[in-house]
Amino acid sequence: MQRTEKETQDTYNGASIEVLKGLEPVRRRPGMYTDTTNPNHLAMEVIDNSVDEAVAGFATTIDVTLHQDGSMEVSDNGRGMPVDLHPEEKVPAIELIFTRLHAGGKFNSSSYSYSGGLHGVGVSVVNALSAHLEATVRRQGSIYHIAYAKGELVTPLETVGSCAKKDTGTTVRFTPDAPYFDTLTFDLRALRHALKAKAVLCRGLVITFTDEHTGQSERWCFDGSLADYLKSQFTKAQLLPEAPFAENLKAEELELEWAVSWVTEAQGESAVAESYVNLIPTVDGGTHVNGLRSGLTLAIREFCELQNLLPRGLKLTPDDVWSHCSYVIAVKMHDPQFAGQTKEKLSSRFVASQVENLIRDRFSLYLSAEVDAGRKIAALIIEAARERESAAKVVERKKSVRGPQLPGKLVDCTSTDPGRGELFIVEGDSAGGSARQARDSSYQAILPLRGKILNTWEVSGQSALGSEEIRAISVAMGLTPDEDNLEGLRYDKICILADADSDGLHIGTLLCALFVKHFPALVRAGHVYVACPPLYRIDCGTKIKEYALDDAELAAKQKVLTRKGYKRENIKIQRFKGLGEMNPEQLRETTLKPESRRLMQLTLPEESHEDTQALLDMLLSKKRAADRRQWLEQNGDKAELLD
């Protein structure tokens with residue numbers, strides 16, 4: 001029986017608003033806070049707390065034990081979690097750590113110089129998703145104990161013994177709660193690899209892992225470089241250079257350590273691609289990896305030009321440089337921004353340019369000093385470029401022979417390789433004209449739109465095709481709405497390019513909704529991106545010319561320039577109100593050129609699918625106008641006025 005609209009309105013009132021308290025948000029939506037495939041991420045949250053103590057110089061040993069009952073124990077000899085009363089909350093600080101979201105000691109740099117714990121939700125998530133958790137703290141000559149069951153306090157903090165004042169540290173033992181995970185079995189191979197990597201990145205730290213099921217114990221402690229670590233990952237493969245090139249550098253905002261080599265003969269061994277931020281593994285890379293990739297590419301291009309190595313007409317792409325590359329990159333920085341709570345991808349924007357500049361300069365010097373090695377590396381990369389171009393001649397991008405004719409407004413590219421092609425869906429004819437002049441016509445196509453497209457969230461794919469703009473997008477891509485078959489896809493990257501103002505964000509939201517609703521297979525396959533044009537241009541003197549994506553990055557770059565001795569009055573700032581204000585050269589440099597542009601990949605993971613649908617439904621559904629109004633009333637004071 002369906003409710004009438006009046007009945008629905010009558011039942012939706014103040015009592016309908018549910019306020020989740022304590023750790024309940026984690027238990028309701030565990031996938032937002034951790035990887036629910038297995039409990040590995042819970043273990044890493046506890047381990048990372050101990051590692052942060054080691055990075056800060058207070059811990060020298062970390063012991064990890066998998067017990068017979070399936071519980072995991074992590075013990076360190078750091079300072080020990082604070083157990084004194086919090087001055088405002090009037091409860092022991094350790095209780096806040098385990099039971100309050102966004103409570104922690106890592107929001108500033110007073111306790112930790114570098115830390116992976118930024119949101120204050122790490123061990124509280126572990127507690128929320130554990131059937132049992134207990135902590136023992138050795139601090140100031142006393143031993144303290146506290147215990148929880150399913151996130152609820154069962155044994156209040158108590159003093160259970162005494163110890164030497166020099167004997168300090170924390171031991172946390174937890175048992176994952178079955179309902180929240182696909183399996184309660186830890187992935188020990190991944191766990192061992194992570195522990196080994198942390199020992200490598202934190203020199204002198206002794207890490208042990210004991211598995212009571214097998215009785216085996218392993219110990220890691222390294223004093224070597226990342227080059228030694230990278231080389232140790234291969235036993236049969238031939239590397240170029242044989243001793244990986246590695247350096248440890250310090251800049252204004254970060255510390256960078258990296259090692260790189262190219263695999264000439266794999267001998268069945270896979271390439272190594274590892275990245276870390278404050279010793280946290282970023283398995284999906286991020287801006288630091290983007291900086292490494294572009295820095296290596298620029299250095300190798302310069303070397304090839306100086307040595308006159310490139311055949312006529314051949315252009316090296318970042319993919320050519322990346323095809324045989326193995327690397328390890330570790331960044332330490334204050335206040336890193338991650339794409340999610342699981343910290344799998346770094347999103348701090350300023351990192352890409354800083355890492356790129358550092359690596360470009362240092363690797364260029366290496367290639368100039370080691371010309372023979374540089375020529376061998378260049379030869380390997382040039383061969384990869386030749387193979388790519390040969391494949392492009394064989395695999396032609398599929399044209400719509402029997403289907404509808406390509407839209408007249410589409411400015412297509414000349415390349416016939418669908419794996420190389422990029423389609424930029426651009427807001428407005430003016431910006432489309434600039435993009436057409438700024439693009440690389442060999443592989444970048446431009447499709448300008450006129451204004452806001454149809455809201456397709458509540459219409460069928462066939463009805464959506466009644467819109468001229470959406471039909472043009474569909475035909476240009478070579479795909480039909482609501483189909484999972486991607487064989488007709490004509491471009492590897494579909495990029496949304498809109499202004500950074502409210503209208504542009506609205507258009508971007510409508511396009512994202514179109515892809516999520518009617519082309520979900522395209523999104524899941526990783527083909528959809530959102531271009532990030534900058535809001536500001538920064539000029540200082542005749543040599544300094546930079547761009548800033550938003551106010552935060554502008555402030556960070558101004559800070560760096562003033563530290564270098566430039567006066568604020570000599571730093572000129574230009575704000576772009578839209579893409580139309582950029583000339584083709586600026587648009588190319590900031591938004592279209594692979595070496596310097598910023599693209600955000602649109603993702604649709606299964607674990608967050610429900611939340612994504614709910615968010616877009618609230619934003620775009622005609623039936624949710626009341627919800628949107630309520631949201632605006634609650635959050636309207638957070639809006640910023642722009643000149």
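Note that the numbering runs from 1 along the sequence shown for the chain. The model shown is predicted, which means the values in this text are computed figures rather than measured ones.
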In Å, rounded to the nearest 0.5 Å, how long is the span from [atom1] of [X] to [atom2] of [Y]?
X      : Y      : atom1 : atom2 : answer
Glu302 : Leu298 : CD    : CG    : 6.5 Å
Arg312 : Leu314 : CZ    : CG    : 12.5 Å
Ser474 : Glu483 : OG    : CD    : 9.0 Å
Leu465 : Arg471 : CG    : CZ    : 8.0 Å
Leu358 : Trp258 : CG    : CH2   : 9.5 Å
Leu279 : Lys198 : CG    : NZ    : 5.5 Å

Full working for side chain to side chain contact (heavy atoms under 4.5 Å, CB included) between Phe576 and Arg537 | CA-CA 8 Å; Phe576 298 112; Arg537 170 173 166 162; 3.8 Å; yes
Glu257 and Tyr276 side chains, donor-acceptor separation under 3.5 Å =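 Distance-only check fails for Tyr276 and Glu257.
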Decide whether His193 and Gln233 meet the rule of one side-chain donor and one side-chain acceptor closer than 3.5 Å.
->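 On atom types as modelled, these side chains do not qualify, holding no pair under 3.5 Å.
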Mark yes or no for whether [X], through its side chain, and [Y], through its backbone, hold a donor-acceptor pair below 3.5 Å.
X      : Y      : value
Asp228 : Gly224 : no
Ser353 : Phe350 : yes
Ser596 : Thr590 : no
Asp492 : Arg420 : no
Thr562 : Gln558 : yes
Glu383 : Ala379 : no
Glu255 : Met333 : no
Asp539 : Ile571 : no

For a 4.5 angstrom cut-off between non-hydrogen side-chain atoms, does [X] reach [Y]?
X      : Y      : value
Cys325 : Val260 : yes
Lys345 : Val289 : no
Met582 : Leu587 : yes
Val263 : Leu240 : no
Phe515 : Ile494 : yes
Leu316 : Cys304 : yes
Glu274 : Pro281 : no
Leu489 : His527 : yes

Can Ser294 and Thr297 be said to form a side chain to side chain donor-acceptor pair (under 3.5 Å), step by step?
-> CA-CA 5 Å; Ser294 56; Thr297 301; over 6 Å; no
Kindly give the heavy-atom pair with the smallest separation between [X] and [Y], and that separation in Å.
X      : Y      : value
Thr456 : Leu514 : OG1-CA, 3.5 Å
Trp457 : Lys517 : O-CE, 3.1 Å
Pro336 : Val277 : CB-CG1, 3.8 Å
Ser326 : Phe234 : OG-CZ, 3.5 Å
Ala435 : Val426 : CB-CG2, 4.2 Å
Gly291 : Val355 : C-CG1, 3.8 Å

Report, as yes or no, whether the 6.0 Å neighbourhood of atom [atom1] on [X] holds more than 12 heavy atoms from other residues, nucleotides or ligands.
X      : atom1 : answer
Glu468 : CD    : no
Glu585 : CD    : no
Lys196 : NZ    : yes

Would you call [X] and [Y] a salt bridge, using N to O less than 4.0 angstrom?
X      : Y      : value
Lys559 : Glu553 : no
Arg293 : Asp319 : yes
Arg360 : Glu595 : no
Lys376 : Glu370 : no
Asp412 : Arg490 : yes

Side chain to side chain contact (heavy atoms under 4.5 Å, CB included) assessment of Thr264 paired with His324 | CA-CA 7 Å; Thr264 57; His324 297 281; over 6 Å; no
Can Arg597 and Glu422 be said to form a salt bridge (charged side-chain N to carboxylate O under 4.0 Å, His left out), step by step?
-> CA-CA 13 Å; Arg597 72 187 180 190; Glu422 299 178 350; 2.8 Å; yes
Is the Tyr547-Tyr536 ring centre distance short of 6.0 angstrom?
->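 No, the ring of Tyr547 stays outside the 6.0 Å limit from the ring of Tyr536, centre to centre.
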Is the distance between the ring centroids of Tyr327 and Trp322 under 6.0 Å?
->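 Yes, ring centres under 6.0 Å apart.
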Could you walk me through whether Leu254 and Leu256 pass the side chain to side chain contact (heavy atoms under 4.5 Å, CB included) check?
-> CA-CA 6 Å; Leu254 53 80; Leu256 170 66; 4.1 Å; yes
Parallel, tilted or perpendicular: ring planes of Phe245 versus Phe363, cut at 30 and 60 degrees =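 Aromatic pair Phe245/Phe363 classed tilted.
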Begin from the C-alpha positions of Arg439 and Val411 and carry the test side chain to side chain contact (heavy atoms under 4.5 Å, CB included) through to its verdict.
-> CA-CA 10 Å; Arg439 69 178 180 140; Val411 184; 3.3 Å; yes
Worked check of side chain to side chain donor-acceptor pair (under 3.5 Å) between Ser348 and Thr287 | CA-CA 7 Å; Ser348 299; Thr287 50; 5.5 Å; no
Yes or no on side chain to side chain donor-acceptor pair (under 3.5 Å) for Ser364 and Asp361, after CA distance, side-chain angles and deciding distance?
-> CA-CA 5 Å; Ser364 292; Asp361 292 343; 5.9 Å; no
